[in-house]
Every structure is written in structure tokens, then in C-alpha cells.
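Just so it is clear, the model here is predicted, and its values are computed rather than measured. Quick note: numbers below take in every heavy atom, side chains included, and nothing from hydrogens, waters or symmetry partners.
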Amino acid sequence: QVQLVESGGGLVQPGGSLRLSCAASGSRFSIYTMGWYRQAPGKQRELVATITYGSSTNYADSVKGRFTISRNNVKNTVDLQMNSLKPEDTAVYFCNARFITQNFWGQGTQVTVSS
């Protein structure tokens with residue numbers, strides 16, 4: 001079983017920055033895609049950013065130019081640098097690791113953007 005542990009969430013003022021980190025353990029094989037998703041109260045979980053083993057990235061339109069996803073394939077970690085944060089970025093952020101036939105999720109870390 002693969003376990004994902006997120007860290008780095010917290011409270012930040014609008015325009016501020018946070019860096020989220022996720023460490024995967026128990027993976028016997030290389031992770032195909034790693035990513036970050038978020039869920040705000042009363043809303044569906046949505047994609048924030050993904051990154052493939054070859055470092056191809058995909059971002060939600062709402063975060064393009066503000067967020068940067070990166071990964072370390074040796075350590076099986078994925079980070080999300082979040083800049084110019086907005087109140088609408090407030091959500092629980094979940095780390096995701098996807099293999100060919102399996103999908104794993106972390107427990108989430110709260111990000112609150114408020115003045």
C-alpha cells in the first residue's frame with residue numbers, strides 16, 4: 001500500500017505564498033503521475049496541477065502562472081509552490097499518486113487565504 005503525507009498548509013494573507021510538499025512511501029514501482037487536487041466546502045474535488053514521471057505538467061486555468069508543481073522521482077516527492085494566493089484558493093489540498101491501475105490519495109492539508 002502506498003501512503004502519501006502532505007505538509008506545508010496553513011493560513012496566509014492574499015498575495016502571499018505557500019509551498020506544499022508530499023512524500024510517497026511504500027511504492028514498489030515508479031509513479032506514473034503525481035499531482036495536487038483541492039476541495040472547498042460544498043464543492044467537488046478539482047484538479048490543481050499534475051506532473052508526469054517525465055516532468056510534463058498540467059495546470060488548472062485558475063492557477064496557471066501562479067502555481068508551480070515539481071517532483072523528485074528518486075525520493076518520490078511532489079511539491080506545489082503557490083504564489084499570489086487568492087481567497088478562492090482556500091481549500092483542503094490533497095496529494096495524488098497514480099499508477100496504471102491504482103490511484104492513491106493523501107489525507108489533505110488545509111490552505112486558508114484570508115486577511
Subject >> Test salt bridge (charged side-chain N to carboxylate O under 4.0 Å, His left out) applied to K86 and D89, step by step >> reply: CA-CA 5 Å; K86 305 174 181 179; D89 294 319; over 6 Å; no
**OP:** Could you walk me through whether R19 and D79 pass salt bridge (charged side-chain N to carboxylate O under 4.0 Å, His left out), step by step?
**Re:** CA-CA 7 Å; R19 186 177 182 89; D79 292 350; 3.0 Å; yes
**OP:** Take N72 and T77 through the side chain to side chain donor-acceptor pair (under 3.5 Å) test and state the conclusion after the steps.
**Re:** CA-CA 5 Å; N72 185 314; T77 58; 5.0 Å; no
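Atoms OG and CZ, on S17 and R66 in that order, are 10.0 Å from each other to the nearest 0.5 Å. The line from CG of N96 to CD of E6 is 10.0 Å long, rounded to the nearest 0.5 Å. Of the inter-residue distances, the one linking Q1 atom CD with R28 atom CZ reads 11.5 Å to the nearest 0.5 angstrom. Taking CZ from F99 and OG1 from T33, the interatomic distance works out to 10.5 Å, rounded to the nearest 0.5 Å. A distance of 8.5 Å separates CD of Q81 from OG of S70, quoted to the nearest 0.5 Å.
At most 12 non-hydrogen atoms from other residues, nucleotides or ligands lie less than 6.0 angstrom from CD of Q107. Taking a 6.0 Å sphere around CD of Q110, one finds it holds more than 12 heavy atoms contributed by other residues, nucleotides or ligands.
Cation-pi geometry between R98 and W105 is not met: the NZ or CZ atom fails to fall both under 6.0 Å from the ring centre and inside 45° of the normal. Geometrically, R45 engages F94 in a cation-pi contact defined by less than 6.0 Å to the ring centre and at most 45° from the axis.
The aromatic rings of Y93 and F67 lie tilted to each other, with the angle between the two planes from 30° to 60°.
The hydrophobic cluster containing V12 also contains V48, counting ILVMFWY residues as joined when their side-chain heavy atoms lie under 4.5 angstrom apart, directly or transitively.
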